[in-house]
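Whatever order the structure lists ligands and atoms in, that order sets their numbers, starting from 1. Just the heavy atoms: all of them, side chains too, but no hydrogens, waters or symmetry mates, feed the values below.
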Amino acid sequence: MAVTREKFDNIIEIQNVTKVFDGITAVDNVNLAVRRGEFVTLLGPSGCGKTTLLRMIAGFEMPTSGSIFLEKQDVTSVPPHMRPINTVFQKYALFPHLSVFKNIAFGLKLKKIPTGEADKKGRPIYRKFTKDEIAEKVERVLKLVNLEAYGHRDITGLSGGQQQRIAIARAIVCEPKVLLLDEPLGALDLKMRKEMQSELMAMHKNIGITFIYVTHDQEEALTMSDKVVVMTDGAVQQYGPPKKIYDEPANAFVADFIGESNILSGVMKKDFLVEFCGTEFKCLDKGFGKDEKVDLVVRPEDIVVSLKKSAKKDALAGEVLSTVFKGTYYEMEIMASGYQFTVQNTVEYTPGSKVYLSVEPNGIHIMKKLKTVNEFDGEILSETTVGFCDGEFEFENDGSFERGDEVRVKIPFDKIELTDDEEDGVIGANVTQTLYKGSYYQVQVYTDDDNDFFIDTVDEWDIGDRVGINIKPSDIAVSKKIEKPEEADTAENADEQAADGEVRNEE
Ligand code: ATP
């Protein structure tokens with residue numbers, strides 16, 4: 001008989017999951033499929049929704065909408081203790097009055113397992129583990145976490161790293177199918193953290209269960225994981241193997257968050273040719289529209305510095321601003337064509353040196369812009385004002401619009417003014433991201449009615465700053481609204497996304 005196999009052995013599938021707390025969207029329409037046995041890390045800045053997503057997988061939180069499947073069963077409303085999942089938290093929460101052995105054995109003593117027999121009514125009969133079975137299981141996990149001889153010890157006398165290993169032993173002793181780890185190394189010092197990273201990777205290999213790990217440390221994520229989920233603002237920006245995320249970031253946010261990078265705006269002149277810094281460069285990317293505006297990333301180690309201009313037309317003349325020795329290379333800030341590049345090189349060029357910068361085609365990675373213009377739904381409020389994002393803005397009405405008309409509003413990134421004092425703006429917002437693009441900052445702000453504005457500015461703003469937003473009437477383009485049909489996301493989509501290792505929740 002032919003054996004039919006599942007297309008992908010996904011142990012967890014998250015479909016269109018959203019979680020809203022008191023009007024705040026912590027997780028925003030996430031789709032994700034995790035294969036059995038993988039080490040998957042949720043990575044992103046503080047507040048991006050990693051823990052909330054993990055808690056929904058564990059069952060501690062219910063999604064506001066969407067579904068979670070475990071081994072193809074819908075577990076969205078199954079309570080935590082009924083899921084074959086265990087969680088390790090940053091705070092170990094061990095019982096200080098119990099020995100290491102008793103801490104680990106605690107869950108096993110409560111657990112009931114089917115005997116394989118049934119009572120007169122046909123209901124399965126359960127039993128508890130015997131003392132010998134418990135001892136055997138505890139010894140086995142103690143060995144796995146490298147604490148074989150520690151069973152009799154008091155918890156209080158152990159180091160932070162040892163306590164965390166006990167917490168992991170306690171979580172795996174009941175043999176869950178999935179282990180969730182919420183910043184488990186966050187409380188450890190750097191040396192212990194590095195040691196525990198290698199130990200966790202070895203443990204994952206030995207026990208073969210699926211690990212879902214939460215961290216905001218990109219180096220930790222790239223080192224340990226089979227796949228990384230990069231999140232921001234509750235949404236998945238990219239999902240894939242660490243090398244792919246580093247080499248081919250899906251957008252400027254991912255490029256900025258993962259590793260050092262020079263992020264610039266450019267224009268695709270045609271396939272394999274991009275223009276930035278007023279110069280055309282060969283690249284390996286195709287499939288963009290002619291003259292499409294793009295973001296591009298050039299990693300500091302991919303920039304070649306030389307004192308002489310080579311025969312290549314595309315070398316940029318520049319001057320070294322600063323240099324810092326970083327142990328195995330020099331990190332230099334170099335100004336070229338009005339852009340400030342970060343460059344890493346084993347050869348030092350001292351400040352003031354006149355140099356030429358070049359980059360091979362495989363050192364340039366082109367990314368689609370997340371947005372090219374700010375665009376919102378609005379309503380005409382009076383002859384001269386349009387309402388959007390909970391604000392009433394003046395605009396230039398050529399007579400085409402009447403009060404009550406539903407409209408689309410567009411504002412270019414460089415036509416928005418941010419004010420220090422929120423009261424000086426038409427509406428207020430919080431700065432959520434800022435990205436240096438060589439000669440200006442691209443700032444993202446989040447309005448009180450849940451909208452994002454992108455602003456190109458030469459001023460530096462800090463994440464968390466409260467700002468006001470002003471726009472000149474002539475910079476607000478208003479047009480009649482055209483409804484777009486919505487696209488449905490399906491379970492098959494989640495499968496396909498897992499297959500190519502990538503999920504993008506782009507606007
Ligand atoms: P961190 O790394 O700081 O733990 P995170 O990426 O894990 O951050 P979450 O803890 O998931 O982020 O929080 C996402 C957003 O949801 C935040 O704005 C947070 O304040 C909010 N949030 C989380 N839990 C709750 C809750 N129980 N009630 C209200 N808001 C919450």
Side-chain angles (χ1 to χ4, degrees), residues 12 14 16-32 34 39-66 68 76-77 79-80 85 87-93 164 167 178-188 190 193 196-197 200 211-225 227-239 245 250-251 253-254 256-258 428-434 444-453 462-467 503 505:
I12 292 173
I14 295 168
N16 306 112
V17 163
T18 292
K19 177 73 186 179
V20 182
F21 292 110
D22 307 326
I24 293 173
T25 306
V27 170
D28 192 2
N29 194 28
V30 165
N31 286 281
L32 206 64
V34 176
F39 193 134
V40 172
T41 297
L42 309 180
L43 171 70
S46 184
C48 72
K50 311 177 289 289
T51 298
T52 305
L53 184 57
L54 198 80
R55 287 174 61 79
M56 287 192 285
I57 299 171
F60 299 128
E61 298 285 358
M62 276 274 286
T64 309
S65 60
I68 297 177
T76 316
S77 45
I85 293 180
T87 311
V88 178
F89 300 95
Q90 182 174 349
K91 297 204 178 75
Y92 334 121
Q164 191 53 291
V178 180
L179 186 67
L180 307 179
L181 301 114
D182 192 0
E183 303 244 11
L185 311 185
L188 306 180
L190 189 65
R193 222 181 144 97
M196 283 295 294
Q197 284 176 10
L200 269 174
F211 277 26
I212 304 185
Y213 191 92
V214 162
T215 184
H216 58 263
D217 179 335
Q218 48 110 356
E219 194 191 329
E220 188 163 284
L222 296 186
T223 314
M224 299 173 74
S225 329
K227 294 223 186 100
V228 178
V229 183
V230 186
M231 293 181 70
T232 174
D233 293 340
V236 175
Q237 298 294 332
Q238 193 170 5
Y239 179 29
I245 287 185
N251 55 48
F253 169 79
V254 178
D256 184 51
F257 195 69
I258 306 282
N430 288 317
V431 174
T432 52
Q433 267 172 47
T434 132
Q444 196 177 337
V445 304
Y446 192 61
T447 64
D448 299 336
D449 72 326
D450 286 354
N451 276 300
D452 283 313
F453 272 85
D462 291 327
I463 291 173
D465 279 352
R466 188 76 192 157
V467 292
V503 177
N505 287 4

Taking all non-hydrogen atoms of both residues, which atom of Val228 and which atom of Ile245 are closest, and how far apart?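 Minimum heavy-atom separation between Val228 and Ile245: O-CD1, 3.3 Å.
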Considering only the protein, which heavy-atom contact is closest to [atom], and what is its distance?
atom: atom 13 (O) of ligand 1; answer: Thr52 OG1, 3.8 Å
atom: atom 23 (C) of ligand 1; answer: Phe21 CE1, 3.5 Å
atom: atom 16 (O) of ligand 1; answer: Ala26 CB, 3.2 Å
atom: atom 18 (O) of ligand 1; answer: Ile24 CG2, 4.1 Å
atom: atom 7 (O) of ligand 1; answer: Thr51 OG1, 2.7 Å

Straight-line distance of [X] [atom1] to [Y] [atom2], nearest 0.5 Å:
X: Leu54; Y: Leu180; atom1: CG; atom2: CG; value: 4.5 Å
X: Met56; Y: Glu61; atom1: CE; atom2: CD; value: 7.5 Å
X: Cys48; Y: Leu43; atom1: SG; atom2: CG; value: 7.5 Å

Using side-chain heavy atoms (C-beta onward) and a distance below 4.5 Å, is Tyr213 in contact with Leu200?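 Side chain of Tyr213 against side chain of Leu200, heavy atoms only: contact under 4.5 Å found.
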Side-chain touch Asp217/Leu185, heavy atoms, less than 4.5 angstrom: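 The answer is no; the side chains never approach within 4.5 Å.
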Backbone or side-chain N or O of [X] under 3.5 Å from ligand 1 N or O:
X: Ser46; result: yes
X: Lys50; result: yes
X: Gly47; result: yes
X: Gly49; result: yes

Looking at Asn29, is its backbone amide N or carbonyl O close enough to the side chain of Thr18 to form a donor-acceptor pair, meaning the two atoms are under 3.5 Å apart?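 A pair under 3.5 Å: yes.
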For Phe253, is there any backbone N or O sitting under 3.5 Å from a side-chain donor or acceptor partner on Asp256?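 Between the backbone of Phe253 and the side chain of Asp256 there is no qualifying donor-acceptor contact (under 3.5 Å).
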Does the pair Lys19/Asp28 count as a salt bridge with the N-to-O cut at 4.0 Å?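 Salt bridge absent between Lys19 and Asp28.
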May I ask you to list the atoms of ligand 1 that are less than 4.0 angstrom from any heavy atom of Cys48?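 Those atoms are 5 (P), 6 (O), 12 (O).
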Could you list the atoms of ligand 1 found under 4.0 angstrom from a heavy atom of Pro45?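 Result: 6 (O).
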Contact bool for atom 30 (N) of ligand 1 (protein heavy atom, d < 4.0 Å):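 Yes.
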Could you tell me if any non-hydrogen atom of Gly234 lies under 4.0 Å from any atom of ligand 1?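 No, that is not the case, since the closest heavy atom of the residue is not under 4.0 Å from the ligand.
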